[in-house]
Amino acid sequence: MGIEKRYKVIDIVEASKKSNDILISGWVRNKRQSKNVAFLSVNDGSTIKNLQVVIDLSKVEIDLIEKINTGTSLSIIGKIVKSQGRDQSFELIAHKIYILGVADPESYPLQPKKHSFEFLRDISHLRSRTNTFGAIFRIRHAIIYAIHNFFNSKGFLNIHTPILTSSDAEGAGEMFKVTTLDIEKKIKNNYKDDFFGKEVNLTVSGQLNAELAALGLSEVYTFGPTFRAENSNTSRHLAEFWMIEPEMAFYDIKDNMDLAEEMLKYLVKYTLDNCKDDLSFLEKAEGDRDKQKPMLERQSLNLTERLKFVCNNTFERLKYSEAFEILKNSKPNKKNKFDFPVNEWGIDFQSEHERYLVEKHFKKPVIIVDYPKKIKAFYMRQNDDNKTVAAMDVLFPIVGEIIGGSQREERYDKLLSRMKEMNISEKQLWWYLETRKFGTVIHSGFGLGLERLVQFVTGMTNIRDVIPFPRSPGNCKF
RNA sequence: GCCUUCUUAGCUCAGUUGGUUAGAGCAGUAGACUGUUAAUCUAUUGGUCCUAGGUUCGAGUCCUAGAGAAGGCGCCA
């Protein structure tokens with residue numbers, strides 16, 4: 001061992017490499033044994049498919065074979081041949097087997113059977129060895145790659161915005177404090193003695209910094225971790241998640257919507273084209289789970305149908321006021337079926353309202369624009385009606401709000417007066433204001449939650465299952 | 001943070017109206033079997049019924065509190 005080139009499982013199951021003796025390494029998913037022959041299903045994470053390894057028991061030490069169980073890591077040198085079995089076209093006839101690490105079958109928690117996602121979440125350190133999580137993480141990678149691809153092809157620059165931030169004026173949620181002070185000693189909030197000499201938090205958004213860069217580089221995007229200390233206990237919130245935030249000079253709200261729609265379609269199409277095996281595995285798994293559910297809770301479209309649906313349909317665009325009228329006159333509202341009635345212009349839509357618009361009324365992705373200014377952030381551009389701002393939310397089935405964005409207020413006076421109205425410290429954000437003082441231009445941007453997109457593409461119902469090591473209230477394991 | 005539900009073998013789950021020694025499938029272990037594919041067949045090990053109190057002649061089952069989890073809601077991406 002050592003001289004042979006290591007092949008990946010995907011190289012063999014997709015197209016036979018016809019060298020004589022080749023080397024494969026991976027983890028055993030399953031062993032099947034009869035009197036004269038044993039079969040191993042070996043996976044190395046390169047594909048959802050397993051490599052079938054055939055062992056002639058008369059030619060290999062039996063002690064060695066007995067040490068091999070589900071979870072064992074090994075390297076095998078052997079020959080690729082056409083498979084006699086029905087589930088694969090090629091298989092590896094083992095000539096030499098090296099056990100790298102045994103896995104005690106009495107204590108190894110993964111079995112060749114279905115495990116609940118809750119159980120696998122408790123063993124996140126091992127769950128990437130399962131079919132489902134292998135598929136999810138390969139798809140997650142494909143999406144990340146496609147994001148950079150998309151922006152690069154459009155001339156966007158990737159900007160790293162800081163993770164440590166001293167601005168707490170963004171209003172995007174509760175923040176995690178960062179300090180080197182000894183909290184055991186109960187120092188009375190004297191941040192002058194702290195590492196940075198001031199109060200510092202983990203970022204809740206890279207937007208304000210990205211705006212600075214866009215107002216000089218034209219088109220930029222950030223793609224980094226985001227931290228929210230909200231006590232959110234839902235299947236679509238994390239305390240640490242990854243967000244993509246493009247920020248574009250010379251883009252108005254319509255350009256912004258066009259970009260958001262083009263991008264989502266590109267990313268979904270990319271996974272349809274490049275993750276076929278993983279998607280069809282997830283689709284089948286979802287179908288099996290659906291069969292256990294009552295008719296009403298089942299998906300009306302299967303996974304790839306839902307993805308194609310996004311790619312092939314123009315997103316419905318409408319103003320908040322139009323959405324408000326539709327909801328106000330909707331059957332569930334008139335019959336008092338909503339928990340939150342739609343009666344007064346200016347209310348914030350609840351997720352039941354968004355789901356009605358997306359899943360019942362339009363039956364496709366929806367972009368709502370021009371929200372009432374009093375329910376939106378200070379930096380959003382005020383419309384001429386003096387009531388609304390150029391904000392947009394892209395709503396998807398199941399996951400809800402997948403993108404939130406706006407045209408930014410580029411007029412110094414308007415921005416300043418809005419900050420005063422909303423009690424945002426102009427002293428703290430002097431640098432933000434200066435971009436409007438010197439060479440201001442119209443510009444726009446939005447935030448896309450990576451995990452929510454991965455959730456939609458994989459059909460996973462809990463966001464904690466689309467990030468390798470989820471952080472949520474009361475949970476920071478692994 | 002609020003509401004609802006759940007917690008029984010390593011995993012997935014049964015467990016009747018409160019009643020003797022708590023069950024199944026899978027995994028594990030032992031064996032059988034000429035190429036299997038969540039292999040099959042036979043036998044078999046394995047339990048603090050989440051924790052702490054309480055009611056009762058008797059609690060896996062009923063009550064109270066706590067812990068953890070899931071789903072829904074709010075906050076949002």
Side-chain angles (χ1 to χ4, degrees), chain A residues 29-42 49-58 66 69-71 81 83-88 91 93 103-123 130-131 170-174 204-207 225-245 260 288 292-293 297 338-340 348-352 354-355 375-377 393-396 399-405 446-456 461-465 467 472-475:
Chain A
R29 288 291 178 79
N30 192 11
K31 177 173 80 167
R32 299 173 294 277
Q33 195 170 343
S34 63
K35 199 172 184 182
N36 304 317
V37 65
F39 301 92
L40 306 178
S41 297
V42 176
K49 290 173 181 164
N50 295 327
L51 174 68
Q52 169 150 287
V53 175
V54 186
I55 303 167
D56 184 339
L57 292 178
S58 64
E66 281 182 351
N69 293 98
T70 301
V81 299
S83 178
Q84 299 171 35
R86 63 169 191 274
D87 289 352
Q88 61 278 316
E91 62 190 17
I93 307 291
D104 174 23
E106 298 262 21
S107 48
Y108 186 63
L110 292 170
Q111 302 161 26
K113 62 160 274 189
K114 280 192 179 115
H115 292 287
S116 67
F117 294 132
E118 290 84 357
F119 173 68
L120 292 172
R121 220 172 285 150
D122 287 338
I123 53 164
T130 64
N131 287 331
E170 295 158 45
E174 291 294 312
V204 290
S205 163
Q207 179 200 318
T226 307
F227 306 89
R228 306 254 168 108
E230 299 286 347
N231 191 11
S232 299
N233 294 288
T234 79
S235 55
R236 44 181 206 287
H237 286 87
L238 290 165
E240 177 186 288
F241 63 99
W242 290 72
M243 188 153 65
I244 298 100
E245 295 175 283
D288 291 345
Q292 313 292 320
K293 290 183 187 165
E297 291 170 31
F338 285 141
D339 290 336
F340 297 85
D348 207 353
F349 295 146
Q350 309 293 317
S351 51
E352 58 177 346
E354 296 176 346
R355 291 190 69 151
I375 59 171
K376 289 290 180 182
D393 282 358
V394 181
L395 309 177
F396 262 33
V399 291
E401 186 181 339
I402 201 163
I403 278 180
F446 60 80
L448 166 68
L450 174 69
E451 283 77 14
R452 288 198 181 163
L453 179 61
V454 178
Q455 246 191 299
F456 178 75
T461 51
N462 194 316
I463 199 165
R464 293 164 201 187
D465 295 329
I467 187 167
S472 56
N475 171 25

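Only heavy atoms go into these numbers, but all of them, side chains included; no hydrogens, no water, no symmetry mates. Here is how names work: the chains are called A, B, and so on, in the same order as the sequence lines, proteins then strands, and each is numbered from 1. Since we're looking at a predicted model, the values are computed, not measured.
Among residues two or more places apart in sequence or in another chain, the side chain to side chain contact (heavy atoms under 4.5 Å, CB included) test is passed with Asp348(A) by Ile375(A). Looking at residues two or more places apart in sequence or on another chain, you find a side chain to side chain contact (heavy atoms under 4.5 Å, CB included) between Lys114(A) and Asp288(A). Applying the ring-ring contact (aromatic ring centres under 6.0 Å, His included) rule to His237(A) yields no partners; only residues at least two apart in sequence or on another chain are considered. Among residues two or more places apart in sequence or in another chain, the side chain to side chain contact (heavy atoms under 4.5 Å, CB included) test is passed with Asn69(A) by Thr72(A), Pro105(A).
Residue ring and nucleobase are stacked for Phe241(A) and A77(B), with a centre distance beneath 5.5 angstrom and an angle between planes beneath 30°.
The side chain of Arg86(A) places no N or O atom within less than 4.0 Å of a non-bridging phosphate oxygen (OP1 or OP2) of G35(B). A close approach under 4.0 Å does not occur between any side-chain nitrogen or oxygen of Asn233(A) and OP1 or OP2 of G74(B).
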Where along nucleotides 25-33 of chain B does protein come under 4.0 Å, by heavy atom, of base (B) or sugar-phosphate alone (S), with - for untouched nucleotides? BBSSS---B
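The strand RNA chain B forms stems, runs of 3 or more Watson-Crick or G-U wobble pairs with distances below 3.5 Å, at B:1-7 with B:67-73, B:10-13 with B:23-26, B:28-32 with B:40-44, B:50-54 with B:62-66.
Rounded to whole Å, atom P of G74(B) lies 9 Å from atom NE2 of His237(A). When rounded to the nearest whole Å, the span between CG of Asp339(A) and P of C2(B) equals 18 Å.
Counting atom types as modelled, Gln84(A) pairs no side-chain N or O with a base atom of U36(B) as donor and acceptor under 3.5 Å.
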